[in-house]
2 protein chains.
Amino acid sequence: MKIGELSKQTGFQIETLRYYEKQGLLQPVSRTDSGYREYDVESLKQLKFIHQAKSVGFSLNEISELLTLRVERDQHSCSEVKNIAEQKLEQIENKITELSKMRDALYVITDACCGGDEPATTCTILSALDDGSKQVGAKLS
Amino acid sequence: MKIGELSKQTGFQIETLRYYEKQGLLQPVSRTDSGYREYDVESLKQLKFIHQAKSVGFSLNEISELLTLRVERDQHSCSEVKNIAEQKLEQIENKITELSKMRDALYVITDACCGGDEPATTCTILSALDDGSKQVGAKLS
DNA sequence: CTTGACCCTGTAGCTAACTTTAGGGTTTAT
DNA sequence: ATAAACCCTAAAGTTAGCTACAGGGTCAAG
């Protein structure tokens, strides 16, 4: 199949598919005489793999690594694969922790604000951000 | 004080301070005859505000908005400020939800992997990512 | 009176993952 | 035969938030 068809079947934009090729994530199976890219069902499977990997947070570089492990399954161990996954898991957890701290801190100062129509002259949110003497959310982290 | 001093006292890099000026976040109070930027204690306070706002997740554009509200407190209501904060809170919560789904999905497929030295021929992680027939983590979302 | 620390402007580069633009060739249907 | 739909390449633009570079002026101490 040609690139437009692959795009339709996978939901990836044509430009994105060409970009993935440049990044080494998906090579066309061949080219027609006129230079058109040709793909097959393997391409489809690979793109599903890429989609799944993206959905759990892997970057394109990491997916590239995973794809190598995938095609060379025999030469690689489960631990290699699991290491990559656990590393990513840790990154995601760290990000969640960081965002949770932000949320907690922001919640505290937002909740304290009346939110009414009166002028913000003594608005607790502005005051809290103004107050450089202590870290916002210090109590929570 | 000059930019180097301000940098030292706030921890912001000199280049960052000049960048903030271009972005409209912090104007120097004046310039010396030779064109050097001059700042005062107000600049210091404003940078602390910026730092606090950054720490709870606001973008520079949003901080710019907040700074306007801060200086024009009288002309604006608490609800305006609170709206911005609550919007940001929602964005952060959405991001946390998204990342949590990723974490859960990734945890499930990673936990199932033996992680041993045997070849990854039937590695559950690779298989899970391969399987385009169902969404990774479908059970959890 | 010169050396070193400091300051200036303007522009370019960085990251990630695309998207857009410009300019042009191919295929298919009528 | 011609127009629409499709495909190609290479390069530049997008986002945010800086960071670095080139080339040059200013200021205080010894």
Side-chain angles (χ1 to χ4, degrees), chain A residues 1-40 43 46-47 49-67 87-88 91-92 95 98-99 102, chain B residues 1-40 43 46-47 49-67 87-88 91-92 95 98-99 102:
Chain A
M1 83 189 81
K2 293 204 287 296
I3 200 167
E5 181 64 21
L6 186 65
S7 169
K8 249 171 241 159
Q9 289 198 29
T10 61
F12 284 104
Q13 300 264 37
I14 290 176
E15 292 301 330
T16 302
L17 295 173
R18 288 201 274 248
Y19 172 73
Y20 283 178
E21 179 179 344
K22 242 188 288 181
Q23 299 307 112
L25 278 107
L26 179 79
Q27 299 308 128
V29 175
S30 62
R31 294 277 188 143
T32 65
D33 290 349
S34 52
Y36 287 14
R37 290 166 177 85
E38 287 194 309
Y39 302 93
D40 62 8
S43 316
Q46 186 144 336
L47 278 173
F49 183 96
I50 291 171
H51 179 78
Q52 297 282 81
K54 269 172 65 75
S55 77
V56 294
F58 287 107
S59 71
L60 296 192
N61 273 345
E62 289 156 350
I63 292 172
S64 205
E65 267 190 81
L66 288 172
L67 285 171
Q87 219 176 294
K88 174 53 57 178
Q91 283 171 26
I92 294 174
K95 191 72 193 172
E98 186 192 336
L99 287 173
M102 285 183 181
Chain B
M1 82 189 84
K2 292 204 287 296
I3 201 167
E5 181 63 21
L6 187 64
S7 169
K8 250 171 238 157
Q9 290 197 29
T10 60
F12 286 104
Q13 300 265 37
I14 289 175
E15 293 300 330
T16 302
L17 295 174
R18 288 202 273 248
Y19 173 71
Y20 283 178
E21 179 179 344
K22 241 188 288 183
Q23 299 308 111
L25 277 104
L26 180 78
Q27 300 308 320
V29 175
S30 61
R31 295 276 188 145
T32 67
D33 290 350
S34 51
Y36 289 13
R37 290 167 178 84
E38 288 194 309
Y39 301 93
D40 62 7
S43 317
Q46 186 144 335
L47 279 173
F49 183 96
I50 291 171
H51 179 78
Q52 297 283 81
K54 270 170 65 75
S55 77
V56 293
F58 287 108
S59 70
L60 296 192
N61 272 344
E62 289 158 350
I63 292 172
S64 205
E65 267 189 81
L66 288 172
L67 284 171
Q87 218 176 297
K88 174 53 59 179
Q91 282 170 26
I92 294 174
K95 190 72 192 169
E98 186 192 336
L99 287 172
M102 286 183 180

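Note on naming: letters A, B, ... go to the chains in the order of the sequence lines (proteins, then strands), and numbering restarts at 1 for each one.
- Taken to the nearest 0.5 Å, the CG atom of A:L25 stands 11.5 Å off from the OG1 atom of A:T16.
- We find that CD of B:Q23 is positioned 8 Å from C1' of D:dG17, with the value rounded to whole Å.
- Taking a 6.0 Å sphere around CD of A:E5, one finds it holds more than 12 heavy atoms contributed by other residues, nucleotides or ligands.
- Note on B:K22: a base of the nucleic acid sits closer than 4.0 angstrom, heavy atoms only.
- Sequence order on DNA chain C of the closest nucleotides to A:L60 and A:K2 puts A:L60 first from the 5' end.
- Residues B:T16 and B:N61 each lie close to DNA chain D; by heavy-atom proximity, the contact nearer the 5' end of the strand is made by B:N61.
- Whole-Å rounding puts the B:F12 CZ to D:dG17 C1' distance at 12 Å.
- Using a cutoff of 4.0 Å between basic side-chain nitrogens and carboxylate oxygens, B:E65 and B:K88 are not scored as salt-bridged.
- Distance check: B:F12 CZ to B:I50 CD1 gives 6.0 Å after rounding to the nearest 0.5 Å.
- Taking five base pairs at each end of the helix from C:dC1-D:dG30 to C:dT30-D:dA1, the local helix axes there meet at an angle of 30°, rounded to 10°.
- Taking CD1 of B:I63 as the reference point, atom OH of B:Y20 lies at 6.5 Å (rounded to 0.5 Å).
- Rounded to a whole Å, the CD atom of B:E5 is 18 Å from the P atom of D:dC27.
- We find that NE2 of B:H51 is positioned 12 Å from P of D:dC18, with the value rounded to whole Å.
- One interatomic measurement links the two molecules: NZ of A:K8 to P of D:dA5, which rounds to 11 Å at whole-angstrom precision.
- Shown here for B:I92 and A:L99, the closest heavy-atom pair between the two residues is CG2-O, 3.6 Å.
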Determine, stepwise, if the pair B:L60 / B:Y19 fulfils side-chain contact (heavy atoms from CB on, under 4.5 Å).
CA-CA 11 Å; B:L60 296 192; B:Y19 173 71; 3.7 Å; yes
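- Residue B:F58 contributes atom CZ, which lies 16 Å from atom P of D:dA16 at whole-angstrom precision.
- Chain A approaches DNA chain C over the interval C:dA17 to C:dT27, counting the first and last nucleotide 5' to 3' with an atom under 4.0 Å from its heavy atoms.
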For the pair A:S64 and A:N61, evaluate side-chain hydrogen bond (donor to acceptor under 3.5 Å, both in side chains) and give the outcome as yes or no after the intermediate values.
CA-CA 5 Å; A:S64 205; A:N61 273 345; 5.7 Å; no
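- If you check D:dC8, D:dA20, D:dG17 against the side chain of A:I3, the one that comes closest is D:dC8.
- Contacts between residues 24-40 of chain B and DNA chain C, defined by a heavy-atom separation below 4.0 Å, involve B:R31, B:G35, B:Y36, B:R37, listed by number.
- Contact annotation for A:Y20: backbone-only contact, meaning every heavy-atom pair under 4.0 Å involves sugar-phosphate atoms and none involves a base.
- Here the side chains of B:I3 and B:R18 are in contact, with some heavy-atom distance below 4.5 Å.
- Using a 4.0 Å heavy-atom distance criterion, B:Q13 is classed as a sugar-phosphate-only contact.
- We find that OH of A:Y19 is positioned 17 Å from P of D:dG13, with the value rounded to whole Å.
- By the neighbour-count criterion of 12 heavy atoms within 6.0 Å, atom CD of B:Q27 is densely surrounded, having more than that number from other residues, nucleotides or ligands.
- Protein atom CD of B:E21 is 15 Å distant from nucleotide atom P of D:dC18, rounded to whole Å.
- Of the listed residues (A:K2, A:R37, A:E38), just one forms a side chain to side chain contact (heavy atoms under 4.5 Å, CB included) with A:P28, and that residue is A:R37.
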List the steps, then state whether side-chain contact (heavy atoms from CB on, under 4.5 Å) holds for B:M102 with A:K95.
CA-CA 12 Å; B:M102 286 183 180; A:K95 191 72 193 172; over 6 Å; no
